[in-house]
Each structure stands twice: as structure tokens, then as C-alpha cells.
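It should be emphasised that the depicted structure is a prediction, and the values quoted were computed from it without experimental measurement. Lettering of chains follows the sequences in order, A, B, ..., and the numbering in each one begins at 1.
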Amino acid sequence: MTDSIGTVPIAVLRDLHRRMVRIRLFEEEAGKLMEGGRLPGFLHLYVGQEAVGSGVMATLRDDDVITSTHRGHGHAVAKGANLRYMYAELFGKETGYCKGRGGSMHINDLSIGMLGANGIVGGGIPHAVGAAFAAAYKGQDSVAVSFFGDGASNIGAFHESANLAAVLHLPVIFVCENNGYAEFTPQERHMLLRDVADRAAAYGMPSEIVDGMDVVAVYEMSKKLVERARAGEGPSLLEAKTYRYYDHQGVKGLRIPYRTQDEIDLWKERDAITAIEQRMTKANLAGEMELQKVWDETRAEIVEAIRFAEQSPDPDPADLLVNVYTV
Amino acid sequence: MTDSIGTVPIAVLRDLHRRMVRIRLFEEEAGKLMEGGRLPGFLHLYVGQEAVGSGVMATLRDDDVITSTHRGHGHAVAKGANLRYMYAELFGKETGYCKGRGGSMHINDLSIGMLGANGIVGGGIPHAVGAAFAAAYKGQDSVAVSFFGDGASNIGAFHESANLAAVLHLPVIFVCENNGYAEFTPQERHMLLRDVADRAAAYGMPSEIVDGMDVVAVYEMSKKLVERARAGEGPSLLEAKTYRYYDHQGVKGLRIPYRTQDEIDLWKERDAITAIEQRMTKANLAGEMELQKVWDETRAEIVEAIRFAEQSPDPDPADLLVNVYTV
Amino acid sequence: MRELTYVKAFNESLMQAMAEDENVVVIGEDVAHYGGVFHAFDGLLKTYGEKRVIDTPISEMGFLGMGVGAAARGLRPVVDLMFFDFIGVCLDQLYNQAAKLKYMFGGDVTVPLTLTTAGGAGLSAGPQHSQSLEAWLAHVPGLKVALPSSPHDVKGLMVAAIRDDNPTVVVLNKRMLGTKGPVPEEIYAIPFGQAETVRSGNDVTVIGVGRMVNEAVVAAAELAESGIDVEVIDVRTVQPLDSNTILDSVRRTNRAVVVHEAVTFAGIGAEISSQIQEEAFDYLDAPVLRIGAPFSPVPFSPVLERAYIPDSHRIVDGVRHLLERQGA
Amino acid sequence: MRELTYVKAFNESLMQAMAEDENVVVIGEDVAHYGGVFHAFDGLLKTYGEKRVIDTPISEMGFLGMGVGAAARGLRPVVDLMFFDFIGVCLDQLYNQAAKLKYMFGGDVTVPLTLTTAGGAGLSAGPQHSQSLEAWLAHVPGLKVALPSSPHDVKGLMVAAIRDDNPTVVVLNKRMLGTKGPVPEEIYAIPFGQAETVRSGNDVTVIGVGRMVNEAVVAAAELAESGIDVEVIDVRTVQPLDSNTILDSVRRTNRAVVVHEAVTFAGIGAEISSQIQEEAFDYLDAPVLRIGAPFSPVPFSPVLERAYIPDSHRIVDGVRHLLERQGA
Ligand SMILES: Cc1ncc(C[n+]2csc(CCOP(=O)(O)OP(=O)(O)O)c2C)c(N)n1
Ligand SMILES: Cc1ncc(C[n+]2csc(CCOP(=O)(O)OP(=O)(O)O)c2C)c(N)n1
Ligand SMILES: [Mg+2]
Ligand SMILES: [Mg+2]
């Protein structure tokens, strides 16, 4: 009996597993709340992609900064955000991360280096470059990670940010979560490449491709690139092949079937959480009860967090102009 | 005695030579006019890069569309623009290509497929994609060529346009005139690549590199890519290594020497016009007198064109609102 | 007359305009196979095929610019920007290119491009998916800008936009997509620059932009119960602006209120208000009142958003306030 | 007092602000080794080194966004956009990001970013290098926007902008770069939102934006010869706008003219004019007059450009017209 899978020790495996479970359950419950008509606005669920956010985030410190996208809950949860304030934000409550002003697409927590989800495709990518710039400027060894999708790699802001980071030799890891679709457009209709990773060469930047359903692989590869950046060796691009289980927005696929059930089933067979649980069990690194405990604890935490959110007050309309400016 | 250099027949060589001489003299005279304080506004001279515009343009038809940049005179001249209307525009006269409204950076002539110079870096690149789209849509076999600089390859509009053209499989040739500088910033400080051509791979597009001081080489390579596009085989990127002899804007280098005299001299030793003249003479394809005649004829044409421009009327301030809208 | 929803009227305008002119093509994200995220483009792919209905990568600067180039070469592209808020990633192609090419190129080039987009708040879409930025576009010489307030107008203004040889922008209001109203079956155009007097009245003129016209109508009905007779004008297009219709009305009613969803400061209401006081100064019994959003981003929280967006209540209050006003 | 040119005053503001606060960095195209195309950044590289003065690729969206991210992490970046006209390639990072982050993120993030740029016509720079687009930025909650009209103000407003915890934009006027004026040697800040009464007068208030303030002063001198006593106000910042100073003046003079270089339609003059008629309606003896550019792109031809840009003659005519006006 070993106490690791590959080079990844048991404590890290548990950590990765817990991060993924927390994301999964957070999102499943958010989806139910939305289906129940209890959440205002849009909801872009991260379910299916848990291994990417979790694997990368486990290689980061609190002072390492990430920027995220419209599909940002998973990143926030994995980075260690408080589920209470996240749900409160989804409900638009004053206690939410954005005091109810931002909603699902703008959750952020600077205290743990989460520089925010962003509703503009590509909008957050340059912020990561700036965060890396600031860290380097101050002589800190923290890094910045920008998450974005396959679709986002077609927007100018990605191109400019990648080139800037390369030219300025900044500690940025560009993490492309390639889930095969930009909204309802499959990758083969929005770019000719199979691998977004191939775009890194256009900036003189190394890249890696990893199975985004294998949290251990993501962790190991991210660790390598983060260490590289931390050591002052510059930016890199990590592409994780992954899949979202639910619709682009909301839960159920809308009436236009742009993906086949077969495709969805195939990816679900490779579910990242199931996979790590099986590997841990097989390697005798965890018993079923121990894993179940993680789910149970998380469920309890989520029930409490949703209750907190629901019971929280709405913002006061008298405060409409709060935070527009720093005064 | 042959009647060609490589595969390029004498008639084409003469044509290439004449295009280059016309650009050279047009620009030299424009520079003098500016130094004499007789031209308003900015002036970005194309001197040094003549082989690129001439070589490419000789492979195009009038219904093939080009888009250009702030450094657009050479493209216009090579595409066959009327020098009278060009000078008139530099003077801001009513007879100018833009009726005096645009100036040096906006010269255009749709009748010969010159869809305009552009003052916004990257601004014209998507227009070429659109022109190619329109041609393909109408079932025509014309192509579109977008000229841009090494510096422009860093802007988002380039990235988006290249990917679009690739995905839509449009007949566009992206011609990067790499003169080693974006204004006063040398290439090695604005990108890590040596060859802009390497960026084509990011779009699944083939690319070629050519010596931009060798008009025959440019012609041959352009011919290949244009034929490819015309045959419906999609877009490509052509990088021409070249050099501008004068300053980014205006004639003389300003007080900050961002290039060395050595560097300038080295490139001038490889002057494209001198080179083709020597090759033609050596191969007995042209006598000195014949070549001289081209210079003399062009000089006469230019003297006349400048006279036309000077004698042309200024726009009438009563017409301030003309052409703002199509009515 | 047959009733259609706002979004269906939009859809029909494209169906018919594409039938009318084979140079009309539709370009945007998910407009073809998916039919648009608001289903505004449903069925176009099926009817007109992949040649004329084009899905694009997420590259707004690229595909808007492609539309400009295609327009310069004789097509009539309808380019869709999914949310008005995204205009900042592609604005150069609109104001520096589409709007200026004809002028700047000496008149030879026309750019018959139509940009469609969805603006407005009210869906808890948050600060980056709810904005009303029409004042920016109205400030651009060379552009024309419409904000239809009904299914009828969506169709007519879209047809006019597509037929126009100038670059046009048609801003749909997201909150109205499901709103029903009568829409003629045949193709018809509503000329840009012709405001519509939606309701006649004598006491005060309320000039509405986009969806706010409907709030003004509701307010007018409520005010009528107190014997206040409100004239409601729908500007329909903010560029060109039909100043004459507005001025004629205010010269009769002697009081004016302008209402739009955008933040008040430097909104299009400022232009309308300025023109009224310039041209009808001697007719005004009270200052022109502007009603718009407060100076903040659009909040996500429904409670805040409701307080943020102007509505009939604020118009009622504004009108009453104007009428009660005592001059110096 | 010592005199400096406008551009040298700008330069000095950076020299001193960088000395004052080591978190100030300068980012832009050719700002370091070349010192900026207008030489506005001359000497900064030599004094502060490559760590603090950064040349960028032509990637405005990228490096403005980088400034936003760096600002969110504690730096005070000064980001340069070479020409105001180029704002369309990077506007998203200004209004959807810099201006909204604090609000949208619940208050935790501040973005003490300063965007510097050069606007205005008069150099035959043509339609894409001459624009005045301040009305767009003034419409954005979360931004602050200054248009200095003198060397003195450039320095003071720049220092205030850099020290401000909010995103600010300082728009230099290209045509004034060589203009000289007195500039104190020490570092000083001119608060945003405080207009300056440049000249006191009793007959009419001329409110100027940016360089037009100087045209107004010339006009005032000319009008003084005819016994017309003009008060000239320099708004200095259009966001926030110092409405009080304007209103106090107009309530005294009873007449107002607003003048800016931008096209009149939906320009910032519309906002100023609207506020005046809203808040000083009973004091106005004549409508507020707006003077701005006609509704076209900025022409290249010097002859046309001269006719296009508002100047002291148009202000003189406007004031005379206002004073001669007969009410109904
Ligand atoms: C500039 C911009 N364009 C379009 C959109 C609308 N939009 C939101 S998400 C999305 C698809 C993003 O695809 P991808 O980057 O692959 O991320 P995924 O949704 O797959 O996680 C689009 C087009 C937007 N928010 N911003
Ligand atoms: C969007 C934008 N950014 C910056 C500029 C200012 N500018 C004009 S030309 C130029 C350099 C262009 O370099 P390159 O593309 O290599 O062309 P070259 O001048 O060498 O021909 C710059 C930065 C501009 N016109 N537009
Ligand atoms: Mg995706
Ligand atoms: Mg160059």
C-alpha cells in the first residue's frame, strides 16, 4: 500500500477530491434553485469541469491571483471562497460577495486572490497579466492564473494578453478550459485547430495539454507550470480538455440539441469525481465512508449556506450609489 | 540570353520595376513637399518597402481587393492609383481621392480594388476578410489581400480576422510587411517570435516567408498564394522581411536614434530597386537607358501630378457635411 | 391585425428582407444553427442556408469589421452583437470605420451595414449585460440609431435599416422580447428620423426612448384620471432625431419630459432637452425634465434594479412635479 | 512664475508623482525608450528605469486591461493611449472593467488607474486622429474625466488623477502641447469637480471645455471692447461636473453659452445646457447656446478643418446673438 497516486500524496488527493465535491454540490444546488425559479439572472454551471479548477487551484497560494469568466463559480469555490457569500450573491443579497450588485458572473474575493468572474469574454485575461505585473513589480513570487474557454481563445484580448505576458516575461499561466463549445458552437466551427495549446507558439510561450477529467494530471501539470512561473521563467499555456454537463446557461439543454446524448454520456463516463474516488478506493487510499463523509459535510455546509443566503437582507434601494466611486 | 529571371518573364519584370520606381519617386517627392512645409498632417513613407507592395500587386487583378495601413501610399501606387489624385489628397484638395477629407492615411480607389489606407492599426484587416467574403458570396474568384506591419500582428483585430478567414475558408492573403519596428519599438521588444509567419499556425493557415527586398521572390510567392486562394483553397499568411528607410512618420529620424546608421546602410545596400535593375542589366533584360526612361517618365508624371494637385481648388467650407451620409 | 411578439417581429423583418434582397446576409455568434440566444434568428438558417446565415467565433471586432468590408463590396450584412454591453470590444469598427468610410474615402464607398443588438435592463442580467448606450452612438456622425418600442416598430425599423445605404444600429430591448402587438404581414419600412406621436395631449409632452415609451403611455393613462392630458412621443430613432415633431408638440403643451433607460448624465435626454430649450425657449412654462437611471452601473439585485430603472411611477411624479411648479 | 509648455507640465506631473509614490508606473506604446510620440514621457525611462516605464506592443485592450489588473493589485498605473481616437479598440476595459469593478465586485477592489490620451483637432491629423470623445466617458458611472486647458491645469489635474483611487482619464489637447504658461515647481493637485472661473463678468457666462476655454477668453476680450462683460468658466473635469459654479454664475448673468470641440449633437454641452435650464430656468433670459463642431467627422483639409473647429469668432457671434435675442 502506497500513500500517493504517482507523485501526489494522499493529503493532496483528499484536498483535490474535496474541492471537486464542493464545486459539484454547489453547482447542483444552484441549478435546482434556478430551476425552482428562485434565482434571478443567468447561471453558467461548471459541473463537469471540476477537475480543472480544483487541480489548478490546489497548486496556488492565497496570494496567487486568478481571473475567471462567466462560468466562474467553480473557480471561486476551488480557490476557497465562502459558500454563504456565494449563494447570497446568487440571490442578489446584501451579504453576497458583490453586495448583490454583481450576481453570478462577478463573484470575487480578493482576500484569497480571486480577482473575479467576468461577463465579458476575454475581459478578465488582461487582469491576470496585470496582477502578475504587480507581483513581479513588488518583488513577490506570486503568480497569476487566467481561466478562459476554447471560445475565448478567439477574441483579441486573449491574443494581446498572451503576447504581453510573453514580452514582459510575467508569471502568468493561461488556463484554457476546452469544453468543446463556445455557447452552442462546437470547436470545429470556431477554429481550425484541434488544440488551443498550439496557439501558445504564436507568442513564444510553452504549452501543455492535459486531460481535464483527470484531476491528478491537472494538478501535476499545473504544479509544474506554476513552479516555472514562480521561478521567474515566464508565462505558459495549459489546455485542459473537459466538458460541461449542463447547458451553456441554466440547467437543461434548450430545445435546440447542439450536442448528442451519446457525447454527453461518453464524457460522464469519465467523470472526474467518480474517477478519483475509484482510484483512491482501489489504491486503498480512502474508504467509501471517508469519501461519503466529504459529500455529507459539504451538503450540510451548503444547506447552511443557502439558508444564510435566503435569510439575508436584500440591498437597500437607498444605497443605489454605494461603491460607484471610492470616496 | 533568356527573357526571364527564374520563371518571371520580362514583361512582368518591367512591370515590377516600374511599380517600384513609381512608389519610390512618389514618396521621395512627398517627403520633400512635407519637409518644405507644404503638406498638412502626417506622412508615413513607404520607401524601402517597394518590393513588397509591387510584388504582391503585380499578382492581383483590379477586382482583387486590398486593404492597407497608415503607410499606404505604396500600396495605392502599386495597385494603380492615379498619382494626381493621390497628391491632391496629400494637399487636402477637393480633387483628391478623399476630396480632401481623409488625407494621407485614407487614400482609396475602389475602382481598382484599393479599399483604403487606414489610420487605426489593424482597422483594415477585417475589411479584407469582408471583401473576400463578398467575393465568395457572389461566386466571383477574386481575392482580398490585407497589408499590415509586424507591430500590427500584436493587435486583437489581426488575431480575430485571421481566425475568421480560416474558419470561413475565405480567399484572403494576409501580407505582413515586417520592417522590424512598430514605430520606434524594435520587433524583439514587441514579440518574442522572429517570424510573424509562425503565427499563421495558430489559425491552421499556411504561411510563407519571403525576402521583401527581392521583388521577384515576393512576386513568385504572392502568385502562389493568390492562386491558391483563387482556387478556393483558403487563406494564407505571407511575411516579407523589409525595411523602411525614413522615419516612422515624416522623413528624418527624430532626435532619438532608435536605429543605427549601420543597420540602415546595410538594408540600403540591398535596395530592391537597385537589385532588380542590376539583375535585369546583368541578364541583358534591360539596358541602362531603358531603365532610366522609367525614372524619367515617372518623374515627369509626378511633376505634372504635383502641379495638378497644387492648382486644384481647396474644398468649399460650405460642403462640410458632404458625404457624412448617403442620401 | 395579427399579433406577433417583439422578437418574432424582428425575426420576420429578417425573413422578409432576405427574401427581398439576396445581398442581405446575417452574421453573428450562434445566429445560424442555434437561431440566436434570444431565438431572434430562428429559422433563418433553414430558410436561407449556411451561405447567408453565418455563425462566427467570439470575435466581435473581426466579424463586425468583416461586415464593414462586405458592405463596402456590395452586400447588406446584418451583424449581430449579442448584448449592447459588448460594444466596447468592437466599437472601433463602428465609429472609426463603418461610420467614417464614406466621408473619409471621398464618397466612393457606402457601408449599408446593420448592427443589431439587445440592450436594456430588467432581467437581473447584471452590470455587464444590461446597459443602454445609445447616447454614444448618437454622437457619431455617419451612424443611424433606432430603438424600437413595439413589435410593429421593430419590424419596420429593421426593414428601413437594412434598406438604408448608411450604417445603422437597431437596439432591441431585451425585456420586450416577449411583448405582443399588431404587426402587418407584408414587408414595410418605418423611416428613420420620424418620431411617432403615440398619444395626443395638451398639458405636457413626454418624449420616450425605446421601452420607456410604453412606461410613458401607462403614466399618461394614470395621469388622465387626474385630468392631466399627456402627449407621448416615441422618438423611434435617436440619430437622426426628429426634432420637429418634438418641438411642434412642446410649443403646444409648453412642458416637456424626456425619459430613457440610460443613466441621465450625458444621456440622449440631454440632447433632446437642450434642443427643446434652444428652439422652444419662449414656449416653455417649466424646465424640461429628464428622467433616466441614476449614475451607477445597472445593479443585479432585483430590488435594486427595480429602483434603478425609470418607470411609469417616476414619469407620473415627474409630470405632476412639472405641472405644480411655480415660476420665479 | 516659471513658465512651462503644456507637454512639459504633463511630463513634470509624472516625474513628481513617480517620485512621490513608487507604485506609480507608466505603460504605453513608445513611452519608455522613445519618450512618447509627443515627447510627453521624455526622461521618465532615464529617471525611473525599465521597471517603472514600460513600452508595450500595439495591444491597447491588453495593456489597458493589464493596467486595470495591476491597479486592482495595488499599483497606480498611468496607461497611455496615444490618440483619443483609438479608444474604440480598448473601450471595454475602461467602462466594463475599470469603471465597474469596484461596484460590481461589492466594493473590495479599487482601480486607481489613470488613462492619459491626446484628443482634439487642428493638426490636419484627419478623421481618425482628431476626435473629442469626452461625452462618451462622462456617461460612464465610475469614471472621472479631465480636459486640462493650460499647462498649470495639466500638471494639477494629472497629479489629482494619479492620486485618485478611482479610474481617471486625462485628455490632453494635441494642439496645446507647445502652449506655454506659468506652472508652480512643487507638486500640487487640482481637485476633480472644481471648475475655475477664468474671467469674471456679468452679462453672459461662457462655459468652456478643454482648449475651447482659451478661445472663450479671446472672445471675451473682443466682446469687452463692445462693452459686453463675459464670465468664462473652465469646467476642467466633465465627470464629475462642477454644476454649482456654473449655476451660480448663470443665475447672476442670466445667459449661458457652452463651447466644446466635439460635435454638438449629444456632446457634453448637451448635459451642461440641460442642467442649466433645469436648475436655473427662472434666471434665464435666453436659451442656453451650445457651440460645438458640426455633425461630421473631422476633415483633413486645413480649409475645412478651420471651418469645422469652434473658435473665438463663433463664440463672439454666439454671445452677440444671445444678447440681441428678443423673447416671445
Ligand atoms: C465579448 C463577448 N462576446 C460574447 C459574449 C457572450 N458569451 C458569453 S459566454 C460565451 C461563450 C464562451 O465560450 P468559451 O470561452 O468556450 O467558454 P464556456 O462557456 O465554454 O465555458 C459567449 C459567446 C460575451 N459575454 N462577451
Ligand atoms: C490602434 C492603434 N494603436 C496605435 C496606433 C499608432 N500607430 C500608428 S502606426 C504604429 C506602428 C505600426 O507598426 P507596424 O504595424 O509594424 O507598421 P509600420 O509602421 O512599421 O509600417 C502605431 C503604434 C494606431 N494608429 N492605432
Ligand atoms: Mg467552451
Ligand atoms: Mg513595422
Side-chain angles (χ1 to χ4, degrees), chain A residues 65 67 85 89 94 96-103 105-111 113 115-120 122-138 140 142 144 146 155-168 170 321-327, chain D residues 22-25 27 50-52 54-77 79 89-90 92-93 95-113 140-144 164-168 192-193 239-240:
Chain A
V65 171
T67 66
Y85 310 147
E89 191 54 38
E94 179 71 22
Y97 263 119
C98 314
K99 296 201 195 312
R101 270 68 171 178
M105 276 189 280
H106 303 294
I107 289 173
N108 69 98
D109 185 347
L110 260 200
S111 71
L115 191 45
N118 211 304
I120 305 296
I125 307 180
H127 301 170
V129 180
F133 178 88
Y137 184 82
K138 294 178 183 167
Q140 300 161 346
S142 61
S146 183
I155 202 159
F158 160 71
H159 176 72
E160 298 188 4
S161 300
N163 188 57
L164 260 177
V167 167
L168 300 178
L170 295 173
L321 297 184
V322 164
N323 283 331
V324 178
Y325 290 96
T326 303
V327 282
Chain D
E22 65 171 15
N23 287 321
V24 177
V25 296
I27 297 167
E50 283 197 320
K51 194 187 159 197
R52 297 185 65 186
I54 293 102
D55 278 335
T56 66
I58 311 177
S59 306
E60 284 85 357
M61 188 75 94
F63 68 75
L64 177 53
M66 173 172 112
V68 174
R73 295 299 285 174
L75 300 191
R76 291 191 174 272
V79 175
V89 302
C90 59
D92 179 70
Q93 284 294 332
Y95 76 104
N96 272 333
Q97 312 297 339
K100 288 188 176 60
L101 282 200
K102 187 188 175 74
Y103 176 89
M104 189 165 82
F105 283 2
D108 284 344
V109 182
T110 56
V111 184
L113 169 108
V140 178
L143 279 189
K144 297 186 177 182
D164 201 306
D165 281 337
N166 296 285
T168 53
F192 274 52
Q239 190 56 262

Side chain / backbone / both / neither for [X] at chain D, heavy atoms under 4.5 Å:
X	result
A:Val322	backbone
A:Asn118	side chain
A:Leu168	side chain
A:Ala132	neither

So, [X] side chain and [Y] main chain: donor-acceptor pair closer than 3.5 Å or not?
X	Y	result
D:Lys102	A:Tyr325	no
A:Asn108	D:Phe105	yes
D:Lys144	D:Pro240	no

In terms of heavy-atom proximity below 4.5 Å to chain A, should D:Val140 be classed as side chain, backbone, both, or neither?
backbone
Can you tell which part of D:Asn96 gets under 4.5 Å to a heavy atom of chain A, answering side chain, backbone, both or neither?
side chain
Against chain A, work out which of D:Asn23, D:Val25, D:Asp108, D:Ile27 has the most heavy-atom pairs shorter than 4.5 Å and name it.
D:Val25
Between D:Gly142, D:Gly62, D:Pro112, D:Gly107, who has the most heavy-atom pairs with chain A when the cutoff is under 4.5 Å?
D:Gly142
Identify the two heavy atoms, one from [X] and one from [Y], that lie closest to each other, and give their separation to 0.1 Å.
X	Y	answer
D:Glu50	D:Ile54	O-CG1, 3.8 Å
A:Pro126	A:Gly122	CD-O, 3.2 Å
A:Ala131	A:Ala144	CB-CB, 4.2 Å

I need the residue from [options] with the largest number of non-hydrogen atom pairs under 4.5 Å to chain D.
options	answer
A:Lys99, A:Met105, A:His106	A:His106
A:Leu115, A:Asp109, A:Thr67	A:Leu115
A:Val324, A:Asn163, A:Asn323	A:Asn323
A:Val129, A:Leu110, A:Ile120	A:Ile120
A:Gly116, A:Ser161, A:Gly123	A:Gly123
A:Lys138, A:Glu89, A:His159, A:Arg101	A:Arg101

Any side-chain heavy atom of A:Glu160 within less than 4.5 Å of one from D:Phe63?
no
In plain terms, say whether D:Arg76 and D:Asp164 are close enough for a salt bridge, that is, a side-chain N and a carboxylate O under 4.0 Å apart.
no
Is atom CD of D:Glu22 surrounded by more than 12 heavy atoms (other residues, nucleotides or ligands) closer than 6.0 Å?
no
